Asker: 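To start, I am sharing the structure in question, which I have written as structure tokens.
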There are 2 protein chains.
Amino acid sequence: MSRIIAERADVIPALGEIFRRCGYEGASIARITRETGLGKGSLYNFFPGGKEEMAEAVLANIHQWFEENIYRPLETEAPDDALKQMFSGVSSYFRSGERICLVGAFALEETRDRFSSEVTHYFHRWLETLAGCLRRKGYAPSKAKDAASYVIAGIQGAIVLVRATDDAAHFATILKTLKSACDEPRGA
Amino acid sequence: MSRIIAERADVIPALGEIFRRCGYEGASIARITRETGLGKGSLYNFFPGGKEEMAEAVLANIHQWFEENIYRPLETEAPDDALKQMFSGVSSYFRSGERICLVGAFALEETRDRFSSEVTHYFHRWLETLAGCLRRKGYAPSKAKDAASYVIAGIQGAIVLVRATDDAAHFATILKTLKSACDEPRGA
DNA sequence: GGGGGTTTTTACCGATCAGTACAGGATTTA
DNA sequence: TAAATCCTGTACTGATCGGTAAAAACCCCC
């Protein structure tokens with residue numbers, strides 16, 4: 001290990017994986033120190049606000065990733081390209097459902113209240129950028145909104161299903177169906 | 001309150017709601033005693049195995065409900081009726097997403113490992129009975145399996161989305177789209 | 001080779017965790 | 001009514017929780 005073992009930014013991804021694996025309550029400080037290799041002092045030096053600040057930093061980091069890799073393409077690129085990027089990006093980001101969506105998990109946990117603004121922001125941005133993309137693709141505004149929530153729910157549910165059944169194959173088939181549903185909108 | 005305030009069976013639904021609200025780790029014994037009104041002694045009298053046995057009882061209770069109200073109709077009734085029952089039953093059971101699916105939540109939590117057999121059983125039964133129903137409706141076997149996982153993922157994701165956005169309206173529109181997707185199978 | 005400031009280690013805090021032990025109260029049985 | 005059994009409130013255990021404080025180690029610049 002080099003001189004400075006870790007900076008604050010270097011710890012955040014590791015924190016993210018711990019929160020993913022254990023949830024917010026299950027990620028005890030003792031566990032975090034053990035798995036990051038950082039002592040309590042270092043942790044509270046990086047994150048004076050304690051565990052809550054750690055989780056906020058992780059959520060901000062996640063949001064930034066989605067902003068750059070998912071939302072921005074949905075806003076700026078050609079609809080079909082953007083959709084393709086979204087599905088492939090999401091598939092590799094969540095490792096076919098073996099890596100859970102921390103924001104979705106937080107939405108189900110009790111911690112939902114604590115981080116409600118981050119959680120709602122994440123999903124609102126996703127909903128609005130995806131709906132915008134579908135509008136540009138030719139969807140009527142209200143259909144675009146419905147389809148966006150439909151697709152995002154499908155992705156979140158695919159993660160749940162993969163974790164529950166321990167069968168990552170579900171993920172690809174579900175996303176494929178979602179993608180084709182985007183391409184051939186049906187009447188509601 | 002009557003002579004015997006509560007029997008074991010009476011406590012289980014209350015336990016279920018607490019686990020739903022707080023998760024497994026977040027549902028402390030102190031909290032359970034407070035919200036059920038039962039003392040520690042009574043709780044450990046009903047559930048000698050402690051919190052783990054409480055959660056198992058809740059999961060068994062949930063599974064039984066789905067077995068009777070969702071899976072059995074899917075197996076025995078006419079496909080279209082069974083599907084209708086499933087969607088309306090699920091919608092009222094999860095109160096349009098405002099009540100989460102405890103099994104799905106456990107699948108995302110760390111507790112997944114502890115209750116993995118119950119979690120996988122719940123989803124496997126749902127997958128197999130729904131796929132069977134779709135086969136009887138005319139789906140090819142492999143299409144039926146894919147559609148079943150697609151629909152169940154959609155339902156689970158709808159719950160996540162409702163909780164995240166605090167907008168229960170998503171639930172009905174997503175389930176409506178899922179239902180129409182069952183009625184008009186598209187090519188994959 | 002020192003200061004001076006910043007990390008990091010370590011011990012410690014009160015609170016809470018799940019679970020146990022047991023005594024006293026209530027109920028049932030005789 | 002008396003005895004036996006069952007139920008339940010309460011106090012307690014050791015462990016762990018998140019967080020703090022201060023001393024020790026470290027680094028950079030002079």
Side-chain angles (χ1 to χ4, degrees), chain A residues 1-59 102 105-106 109-115 118, chain B residues 1-59 102 105-106 109-115 118:
Chain A
M1 303 187 187
S2 59
R3 186 106 53 88
I4 291 175
I5 303 174
E7 301 207 5
R8 196 188 122 113
D10 299 327
V11 195
I12 293 176
L15 288 176
E17 298 311 314
I18 296 172
F19 282 128
R20 263 180 249 272
R21 191 150 29 80
C22 314
Y24 182 76
E25 315 233 22
S28 69
I29 298 292
R31 199 168 198 159
I32 292 172
T33 62
R34 199 186 320 133
E35 301 194 15
T36 60
L38 271 71
K40 272 191 178 187
S42 308
L43 276 173
Y44 279 90
N45 179 41
F46 288 151
F47 307 95
K51 206 160 81 158
E52 189 156 342
E53 188 176 341
M54 299 179 207
E56 270 163 10
V58 168
L59 288 174
L102 189 62
F106 275 13
E109 282 186 39
E110 194 188 10
T111 45
R112 179 178 84 124
D113 304 321
R114 204 191 298 246
F115 305 108
E118 287 91 343
Chain B
M1 304 188 186
S2 60
R3 187 107 50 89
I4 290 175
I5 302 174
E7 300 207 6
R8 198 188 121 112
D10 299 327
V11 194
I12 292 175
L15 287 176
E17 297 311 313
I18 296 172
F19 282 127
R20 264 180 248 272
R21 189 149 31 81
C22 313
Y24 182 76
E25 316 234 20
S28 70
I29 298 292
R31 198 167 198 161
I32 292 171
T33 63
R34 200 186 320 132
E35 302 195 14
T36 60
L38 271 70
K40 271 191 178 186
S42 308
L43 275 173
Y44 278 91
N45 180 40
F46 288 151
F47 307 95
K51 206 162 79 159
E52 189 156 342
E53 189 177 338
M54 298 180 207
E56 270 164 9
V58 169
L59 288 174
L102 190 61
F106 276 13
E109 283 186 39
E110 193 188 10
T111 46
R112 178 178 85 125
D113 304 321
R114 204 190 298 246
F115 305 108
E118 286 91 342

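Please read all numbers here as calculations on a predicted model, not as lab measurements. Protein chains get the first letters and strands the later ones, always in sequence-line order, with residue 1 at the start of each.
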Asker: Starting at atom CZ of B/Arg8, determine the distance to atom C1' of D/dT8, rounded to an integer number of angstrom.
Answerer: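 To the nearest whole Å, that distance equals 17 Å.
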
Asker: What residues form a side chain to side chain donor-acceptor pair (under 3.5 Å) with A/Glu56, not counting sequence neighbours?
Answerer: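 Checked A/Glu56 against side chain to side chain donor-acceptor pair (under 3.5 Å); zero matches.
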
Asker: Can you list, by residue number, the residues of residues 20-32 of chain B that have a non-hydrogen atom closer than 4.0 angstrom to DNA chain C?
Answerer: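 Only B/Ala27, B/Ser28, B/Ile29, B/Ala30 qualify.
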
Asker: May I have the step-by-step check of salt bridge (charged side-chain N to carboxylate O under 4.0 Å, His left out) for B/Glu35 and B/Arg21, ending in yes or no?
Answerer: CA-CA 12 Å; B/Glu35 302 195 14; B/Arg21 189 149 31 81; 2.6 Å; yes

Asker: Indicate the atoms forming the closest heavy-atom contact of A/Ala27 with A/Ile32, along with that distance.
Answerer: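 So the two residues come closest at O-CD1, 3.9 Å.
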
Asker: Who passes side chain to side chain donor-acceptor pair (under 3.5 Å) against A/Arg34, sequence neighbours left out?
Answerer: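 Checked A/Arg34 against side chain to side chain donor-acceptor pair (under 3.5 Å); zero matches.
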
Asker: Take the protein atom CZ of B/Phe46 and the nucleotide atom P of C/dA18, then report the distance between them rounded to whole Å.
Answerer: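 Spelled out: CZ on B/Phe46 to P on C/dA18 is 19 Å.
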
Asker: Closer than 3.5 angstrom, by distance alone: can the side chain of B/Arg8 be matched with the main-chain N or O of B/Phe46 as a donor-acceptor pair?
Answerer: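 Yes; judged by distance alone, with no hydrogens or angles, the pair exists.
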
Asker: Sequence neighbours left out, what passes side chain to side chain donor-acceptor pair (under 3.5 Å) with A/Glu110? Give chain and number order.
Answerer: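 Only B/Arg31 meet the side chain to side chain donor-acceptor pair (under 3.5 Å) criterion with A/Glu110.
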
Asker: Listed by chain and number, what are the ring pair (Phe, Tyr, Trp, His ring centres under 6.0 Å) partners of B/Phe19, not counting sequence neighbours?
Answerer: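 In terms of ring pair (Phe, Tyr, Trp, His ring centres under 6.0 Å), with neighbours along the sequence ignored, B/Phe19 is linked to B/Tyr24.
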
Asker: Under 4.0 Å between a side-chain N/O of A/Ser42 and OP1 or OP2 of C/dT8, yes or no?
Answerer: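 So the side-chain polar atoms of A/Ser42 do come within 4.0 Å of the phosphate oxygens OP1 or OP2 of C/dT8, strictly under.
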
Asker: Measure the distance from NZ on A/Lys51 to P on D/dC17 and round it to the nearest whole Å.
Answerer: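 Rounded to the whole Å, the gap is 9 Å.
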
Asker: Could you list all N or O pairs between the protein and nucleotides 20-24 of chain C that sit under 3.5 Å apart?
Answerer:
none

Asker: Between atom CG in A/Asn45 and atom C1' in C/dT10, what is the gap in whole Å?
Answerer: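 Going from A/Asn45 (CG) to C/dT10 (C1'), I get 16 Å.
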
Asker: Test of understanding: with side-chain contact (heavy atoms from CB on, under 4.5 Å), list the residues that count as partners of A/Arg20, not counting sequence neighbours.
Answerer: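 With sequence neighbours excluded, A/Arg20 shows a side-chain contact (heavy atoms from CB on, under 4.5 Å) to A/Glu17, A/Ile62, A/Tyr93, A/Arg99, A/Ile100, A/Leu102, given in chain and number order.
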
Asker: Quickly work out the B/Leu38 CG to D/dT10 C1' distance and round it to whole Å.
Answerer: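 B/Leu38 atom CG is separated from D/dT10 atom C1' by 15 Å.
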
